[in-house]
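Here the structure comes first, spelled out in structure tokens, and everything after it is commentary.
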Amino acid sequence: MKDFGLYAIMTSPRAGHRRFAEICVEEGVCILQLREKNLPDGQLVAIANDIRAITKGTGTSFVVNDRADIAARCHADGLHLGQSDMDIEKARDIFDGIIGLSTHSIRQAKDALEKQPDYIGFGPVYATPTKAIPDPVVGTELLAEVARFANIPVVAIGGIFPENLPEILRTGARNVALVRFLMEVEDPRERIRFLQKTIQNSQE
């Protein structure tokens, strides 16, 4: 799997799930993840099916967080697993597609690479309230180390905003996940464009 730049994570978007997905497709966001941990399964499946219909046949890959069963049911492009989720080998029995793994330390990153996922997330780089029980902050030095030794895309995640994005990109990270910066506005189009341009410029 090649580097993909902006990785948009959708959790209670002010724009609404459908509209946010439409904007991501229109703006060429390569990966869009649905992360809704507190919704009933029926509602989650309905949203996932809507997003799949919007992203199908486009350049935007649709990833479901945590749930291999729902990823398979809605024919998502990908599945993202955390450290406490289903083991990747079991997930592959249920879901056939892109699989990414969250990691929060150098050891976890190296262990994850042995399982041959398509990409790994690494963070939180900075403090973030998006998790009920946050993992310890890893910082940019460890991110730079992982970016050097990983042979697959590494996605920096956790507390990333425009003011610290240049610091992230200086580590060599080429893929960046954002949540709050994109979720807090009714029209995230300009923010998406700004992030994509910033990431692209850092690689030229």
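Between R14 and E184, none of the side-chain N atoms (NZ, or NE/NH1/NH2) sits under 4.0 Å from a carboxylate O, so this pair counts as no salt bridge. Between K110 and E145 no salt bridge is recorded (no basic side-chain N to carboxylate O distance below 4.0 Å). Taking 4.0 Å as the cut-off between side-chain N and carboxylate O, K115 and D111 do not count as a salt-bridged pair. Ion pairing between D41 and R67 holds under the 4.0 Å rule for side-chain N and carboxylate O.
Across all their heavy atoms, F95 and A72 have their closest contact at CD1-N, 3.7 Å. Between A177 and I160, the shortest heavy-atom distance links the atoms O-CD1, 3.9 Å. A pairwise comparison of heavy atoms in I9 and M183 identifies O-CE, 3.5 Å as the closest pair. H80 and D85 get closest at one heavy-atom pair: O-OD2, 4.4 Å. Between T11 and R35, the shortest heavy-atom distance links the atoms OG1-O, 2.8 Å. Considering all non-hydrogen atoms of both residues, A112 and T103 come closest at CB-CG2, 3.6 Å.
For CG of N38, the number of neighbouring non-hydrogen atoms (other residues, nucleotides, ligands) closer than 6.0 Å is 12 at most. Heavy atoms from other residues, nucleotides or ligands lying under 6.0 Å from CD of E141 number 12 at most. Other residues, nucleotides and ligands contribute only 12 or fewer heavy atoms inside 6.0 Å of the CZ atom of R73. Around the CD atom of E26, the shell of radius 6.0 Å holds more than 12 heavy atoms that belong to other residues, nucleotides or ligands.
L32 and I54 fall into different hydrophobic clusters, where Ile, Leu, Val, Met, Phe, Trp and Tyr are joined by side-chain heavy atoms under 4.5 Å apart, directly or via other members. Hydrophobic clustering (ILVMFWY, side-chain heavy atoms < 4.5 Å, transitive): I51 and V179 are in one cluster. Cluster annotation: V185 and M10 are assigned to distinct hydrophobic clusters (Ile/Leu/Val/Met/Phe/Trp/Tyr, side-chain heavy-atom contacts under 4.5 Å, transitive). The same ILVMFWY cluster, assembled from side-chain heavy atoms under 4.5 Å apart, contains both L165 and I157. Residue V137 is not grouped with residue V155 when hydrophobic side chains (ILVMFWY) are merged at heavy-atom distances under 4.5 angstrom, including chains of intermediate members.
Using a 4.5 Å cut-off on side-chain heavy atoms (C-beta onward), D87 and L81 make no contact. Residues V176 and L169 are in side-chain contact: their nearest non-hydrogen atoms beyond the backbone lie under 4.5 Å apart. Here the side chains of Q83 and D135 are not in contact, with every heavy-atom distance at 4.5 Å or above. Within the 4.5 Å cutoff, side-chain heavy atoms of V64 are placed close to those of C74. Within the 4.5 Å cutoff, side-chain heavy atoms of I199 are placed close to those of L6. Counting heavy atoms from C-beta on, the side chains of I152 and D118 never come closer than 4.5 Å. Looking only at side-chain heavy atoms (C-beta outward), I120 and V146 come within less than 4.5 Å of each other. Taking the side chain as every heavy atom from C-beta outward, Y126 and I168 approach each other to under 4.5 Å.
Rounding to the nearest 0.5 Å places CG of D96 at 11.5 Å from CG of L79. For the atom pair CG (L113) and CG (N151), the distance works out to 5.5 Å, reported to the nearest 0.5 Å. Distance CG/L101 to CD/Q116: 11.5 Å, rounded to 0.5 Å. Note: I31 CD1 to N175 CG = 7.5 Å, rounded to the nearest 0.5 Å. How far CE of M1 is from SG of C30: 8.5 Å, rounded to the nearest 0.5 Å. Here the SG atom belonging to C24 is positioned 7.5 Å from the CG atom belonging to L182, to the nearest 0.5 angstrom.
Between the side chain of R52 and the main chain of H75, a donor-acceptor pair closer than 3.5 Å is present. Formation of a donor-acceptor pair under 3.5 Å by the S105 side chain with backbone atoms of Q108 is found in this model. Between the side chain of E27 and the backbone N or O of R189, no donor-acceptor pair lies under 3.5 Å. Under a 3.5 Å cut-off, the side chain of R174 and the backbone N or O of G5 do not form any donor-acceptor pair.
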For residues 15-23, which side-chain N or O atoms pair as donor and acceptor with protein atoms under 3.5 Å away, sequence neighbours left out?
unit_1	atom_1	unit_2	atom_2	d
H17	NE2	E36	OE2	2.8
R19	NH1	E22	OE1	3.0

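In summary, of the residues considered (V154, T140, L142), a side-chain contact (heavy atoms from CB on, under 4.5 Å) with T171 occurs for T140 alone. Paired with I192 under the rule side-chain contact (heavy atoms from CB on, under 4.5 Å), one option of V29, D187, L178 passes, and it is V29.
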Practice task
Quick one: do V63 and Y119 satisfy side chain to side chain contact (heavy atoms under 4.5 Å, CB included)? Show the steps, please.
Solution key: CA-CA 12 Å; V63 174; Y119 70 88; 4.2 Å; yes
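The cationic group of R180 does not satisfy the cation-pi geometry with F161, failing either the under 6.0 Å distance to the six-membered ring centre or the 45° limit from the ring axis.
Side-chain contacts under 4.5 Å among hydrophobic residues (ILVMFWY), followed directly or transitively, place I94 together with M86.
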